[in-house]
Structure formats: C-alpha cells, structure tokens
Asker: 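Right, I'll just put the structure down here and ask away after.
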Amino acid sequence: MSTIIGILLALLAIGFGMILKGATLSALNNPAAFLIIFGGTAAALFIAFPLSEIKKFPALLKIAFFEPKLPSKAEQTTNLVRCAEVAKREGFLALEEIAGETKDPFFKKGLEMIIDGNEADFIEEVMLDEVAAIDKRHKTGALIFTQAGTYAPTLGVLGAVIGLVASLGNLNNVEKLGHSISAAFIATLLGIFSGYVLWHPLANKLKRLSKREQELKLLTIEGLLAIYQGVSPSALERKLTVYIPPKERKKLDQKTEEKAHEKTA
C-alpha cells in the first residue's frame, strides 16, 4: 500500500511542480518519449537478464505493490513458545498437529524435521541453506529493478539527443523549434522520473521485504533448535525477545502477563 501512496504522491508533486513552473501537463503527451524510455528500458533488461528471470518481473511488481503478509516477530515467538510447551508436555511427535495447521512452509519443514528425529546440525544446515537460497533469489529480483533504474535516466539523455536532432530540421520555424526542444526534454524527464522515483525505490522495497523475511526465518531457526535442545518455554521466550523491536516486545510482555494471570486464576 505504501508503494501506491508513494507513486501517487510523486505524480502529484511532479504535476503541480510543472504547473507552478509554467509548464503544461499536455507536454507529457509524447508517445515517442514513452516508447524510448519504457520500451528502451524493457529492451535493455531483456539483454541484461535471461528470460527465466525476466518472467518473474510481474510477480516482483505484485510483491512490491502488495506486500506479502508475514507474521510479526512477536507472533512468531508466540508460535514457537507454544511449540515448546507442547513438546515439553507431550513430546516431539505432538508437534505434528501444529505442523499440519501452519501455513508457513518454512516453519512446517522445520517442525517436520524435528518430528522425524533429524540431528540438530542437519536441521540447522538445511534451513540455513534455504535462507541462503531465498537471499540469492531475492537479490536477483531486486537487481532487475536496480538495473532498470540505471538504464532509464541514460535512455532519457538518448531521447533528448534524438529530439534535439529532430529539432535541427525546424531551425527556420521558431514555433516548431520550440515545440521540438520541449518534446526532446520530456524524454529526459521521464527517464529520470522512472529511474529515481520508480525503479530504484521499488528495488529498495524488495530488498527491505527480503531482509524482513530472512530475519523472521532466522528467528524461526533459532527457536526450533532451542525446542529440539529442550529449552523451557519461558527461557525460549526470553531468548527470542532480543530479536523483537521494543514496541512489539511490550505487546508480547502484556500477552505473557495475561496468560500467566489466566493460569493462576
């Protein structure tokens, strides 16, 4: 949602800025400039990346615009503490029911490996390898947008040069000359706008989302290994609390206090 708000604010800022500067919005009606910038950027991406990675572009856009819903660190800590309570009370096999209920494939995989009796070192290695693979995939996706942000402004300069070359044919007609020069710089405007207000920020958004997901997965690994080692639920909660931001930590503490009060009541 923040991506959509940001793009709308950028369009409003540029639009009102143009009006305040005395430019008309109709100047943006330049199909040639749009073709050079967006068509040229797409062509450059096809040259730079294999088709298998370019095919992911629509899915990456969807992720950037509509952020995937992930549990907070506090929520994941609560889930892990619940698993620790079940494991301590009923044994590892009792975790099978929780594994069947969870919708997180990564969390489910970790629980299943514990249930199957795999060694702690093996569980850690497999799950860390998966995090590394996710990191590699996410970096490739973000790189597509980073490269688009690099190509677009340069193509804007190219579009301006093409427009100025065209304007040289109108030296005897002052009115057409002025229009041609104006149109030439629309390509530069679109190139800079798309590069620094669209593609680079989207790349940053994907990197931030990736980092948040990986941090959550590392917390999950830490919790699952602690459960395997037989760490008590209360000790596990204290152990994982260090990963939680202060605001979320207060909410978690309140829930813990409420839960303790219910048990004593």
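Keep in mind that the numbers below use all heavy atoms, side chains included, and drop hydrogens, waters and symmetry copies.
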Asker: Among side-chain atoms of Glu237 and Thr241, is any donor-acceptor pair under 3.5 angstrom?
Answerer: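 There is no such pair between these side chains.
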
Asker: Hey, could you give me the OG1/CG distance between Thr150 and Leu155, rounded to the nearest 0.5 Å?
Answerer: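 It comes to 11.0 Å.
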
Asker: Do His138 and Leu206 touch side chain to side chain, with heavy atoms closer than 4.5 Å?
Answerer: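 No, too far: nothing below the 4.5 Å cut-off.
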
Asker: Answer yes or no: are there more than 12 heavy-atom neighbours, outside Phe16 itself, under 6.0 Å from its atom CZ?
Answerer: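 Open.
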
Asker: What's the shortest heavy-atom distance between Leu198 and Pro201, and which atoms?
Answerer: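 Where Leu198 meets Pro201 most closely, the heavy atoms are O-CD, 3.4 Å.
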
Asker: Got Lys103 and Lys108 here, is their nearest side-chain heavy-atom distance under 4.5 Å?
Answerer: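 No; the side chains remain at least 4.5 Å from each other.
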
Asker: Above 12 or not: heavy atoms from other molecules or residues under 6.0 Å from CD of Glu96?
Answerer: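 Not more than 12 within 6.0 Å, no.
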
Asker: To the nearest 0.5 Å, how far apart are CZ in Phe145 and CG in Leu60?
Answerer: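 These two atoms lie 5.0 Å from each other.
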
Asker: Verify whether one side chain among Gln76 and Thr220 offers a donor that lies under 3.5 Å from an acceptor in the other.
Answerer: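 Side-chain D/A pair, Gln76 to Thr220: present.
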
Asker: Atom CD1 of Ile54 and atom CD1 of Ile144: how far apart are they, to the nearest 0.5 Å?
Answerer: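 Output value for this atom pair is 5.0 Å.
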
Asker: Are Ile186 and Ile19 connected, step by step, through hydrophobic side chains (Ile, Leu, Val, Met, Phe, Trp, Tyr) whose heavy atoms are closer than 4.5 Å?
Answerer: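 Yes; Ile19 is reachable from Ile186 via cluster members.
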
Asker: Mind checking whether Asp135 and Val131 have side chains closer than 4.5 Å, heavy atoms only?
Answerer: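 No, every pair of side-chain atoms sits at 4.5 Å or beyond.
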
Asker: Establish whether Ile4 and Leu209 are linked, either directly or via other cluster members, by ILVMFWY side-chain heavy-atom contacts under 4.5 Å.
Answerer: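 Shared cluster, yes.
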
Asker: Can you see which heavy atom on Leu218 is nearest to which on Leu128, and at what distance?
Answerer: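 Answer, listing the atom of Leu218 first, then Leu128: CD2-CD2, 3.8 Å.
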
Asker: Does the cation-pi check pass for Lys73 over Tyr243, that is, NZ or CZ under 6.0 Å from the six-membered ring centre and within 45° of its axis?
Answerer: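 That pair does not qualify as a cation-pi contact.
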
Asker: Distance-only, no hydrogens or angles: does the Ser194 side chain make a donor-acceptor pair with backbone N or O of Gly191 under 3.5 Å?
Answerer: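 Yes.
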
Asker: Would you please say whether a donor-acceptor pair under 3.5 Å links the side chains of Lys205 and Ser2?
Answerer: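 Yes, a side-chain donor-acceptor pair sits under 3.5 Å.
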
Asker: Please work out whether the ring planes of Tyr228 and Phe92 are parallel, tilted or perpendicular, with thresholds of 30° and 60°.
Answerer: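 Parallel, since the angle between the ring planes stays under 30°.
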
Asker: Are Asn204 and Thr146 close enough, and set up right, to give a side-chain contact (heavy atoms from CB on, under 4.5 Å), and what steps lead you there?
Answerer: CA-CA 8 Å; Asn204 185 68; Thr146 300; over 6 Å; no

Asker: Heavy-atom distance under 4.5 Å between the side chains of Leu70 and Asp104, does that happen here?
Answerer: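 Side-chain contact under 4.5 Å: no.
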
Asker: Mind checking whether Met127 and Met113 have side chains closer than 4.5 Å, heavy atoms only?
Answerer: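 Met127 vs Met113: side chains touch.
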
Asker: Using the side chain to side chain donor-acceptor pair (under 3.5 Å) definition, which of the options Lys207, Glu213, Gln214 pairs with Ser210?
Answerer: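 Looking at Lys207, Glu213, Gln214, the match for Ser210 under the side chain to side chain donor-acceptor pair (under 3.5 Å) is Gln214.
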
Asker: Check Ser72 against Leu216 and note the closest heavy-atom contact, atom names and distance.
Answerer: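 In terms of heavy atoms, the two residues are closest at O-CD1, 4.0 Å.
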
Asker: For Glu119, does the CD atom sit with more than 12 other heavy atoms under 6.0 Å from it, leaving out its own atoms?
Answerer: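 Open.
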
Asker: Determine, using the 4.5 Å side-chain heavy-atom cutoff (strictly less than), whether Phe193 and Val157 are members of one ILVMFWY cluster.
Answerer: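 Phe193 does not cluster with Val157.
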
Asker: Check Val81, Leu93, Leu95 against Val86 for a side-chain contact (heavy atoms from CB on, under 4.5 Å) and give me the one that passes.
Answerer: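 The side-chain contact (heavy atoms from CB on, under 4.5 Å) with Val86 is passed solely by Leu95 among Val81, Leu93, Leu95.
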
Asker: Are Phe57 and Phe66 linked, directly or through other ILVMFWY residues, by side chains that come within less than 4.5 angstrom of each other?
Answerer: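 Yes, one cluster joins them.
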
Asker: Would you give the length of the straight line joining atom CG of Leu219 to atom CZ of Phe107, rounded to the nearest 0.5 angstrom?
Answerer: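 One finds 10.0 Å between CG of Leu219 and CZ of Phe107.
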
Asker: Between atom OG1 of Thr77 and atom CD of Glu222, what is the distance when rounded to the nearest 0.5 Å?
Answerer: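 Thr77 atom OG1 to Glu222 atom CD measures 10.5 Å (nearest 0.5 Å).
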
Asker: Please name the pair of heavy atoms, one in Arg212 and one in Pro68, separated by the smallest distance, quoted to 0.1 Å.
Answerer: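 So the two residues come closest at NH2-O, 3.7 Å.
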
Asker: Which atom pair, heavy atoms only, marks the closest approach of Tyr196 to Pro153?
Answerer: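 Answer, listing the atom of Tyr196 first, then Pro153: CE1-CG, 3.5 Å.
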
Asker: According to a 4.5 Å side-chain heavy-atom criterion applied to Ile, Leu, Val, Met, Phe, Trp and Tyr, with indirect links allowed, do Val242 and Val231 form part of one hydrophobic cluster?
Answerer: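 Yes, Val242 connects to Val231 through the hydrophobic network.
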
Asker: My understanding is that only one of Leu189, Thr188, Leu190 makes a side-chain contact (heavy atoms from CB on, under 4.5 Å) with Ile192; could you say which?
Answerer: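 The single option meeting the side-chain contact (heavy atoms from CB on, under 4.5 Å) with Ile192 is Thr188.
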
Asker: Could you pull out the closest heavy-atom pair between Ala84 and Leu236, with the gap in Å?
Answerer: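 Answer, listing the atom of Ala84 first, then Leu236: CB-CD2, 3.7 Å.
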
Asker: Would you say that Ile227 contacts Leu111 through its side chain, given a criterion of any heavy-atom pair below 4.5 Å between the two side chains?
Answerer: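 A side-chain contact is absent here, since even the closest heavy-atom pair is not under 4.5 Å.
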
Asker: In Å, rounded to the nearest 0.5 Å, how long is the span from CZ of Phe46 to CD of Glu53?
Answerer: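 That separation rounds to 12.5 Å.
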
Asker: Looking at Thr41 and Ile37, would you say the former's side chain and the latter's main chain have a donor-acceptor pair under 3.5 Å?
Answerer: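 A pair under 3.5 Å: yes.
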
Asker: Do other residues, nucleotides or ligands put more than 12 heavy atoms under 6.0 Å from the CD atom of Glu90?
Answerer: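 More than 12 within 6.0 Å, yes.
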
Asker: State whether Lys217 and Glu130 are salt-bridged, where the test is any N-O pair (Lys NZ or Arg NE/NH1/NH2 against Asp/Glu carboxylate O) under 4.0 Å.
Answerer: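 The answer is no: the pair does not qualify as a salt bridge.
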
Asker: Going by heavy atoms in the side chains, are Leu11 and Ile7 under 4.5 Å from each other?
Answerer: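 Heavy-atom side-chain distance check passes, below 4.5 Å.
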
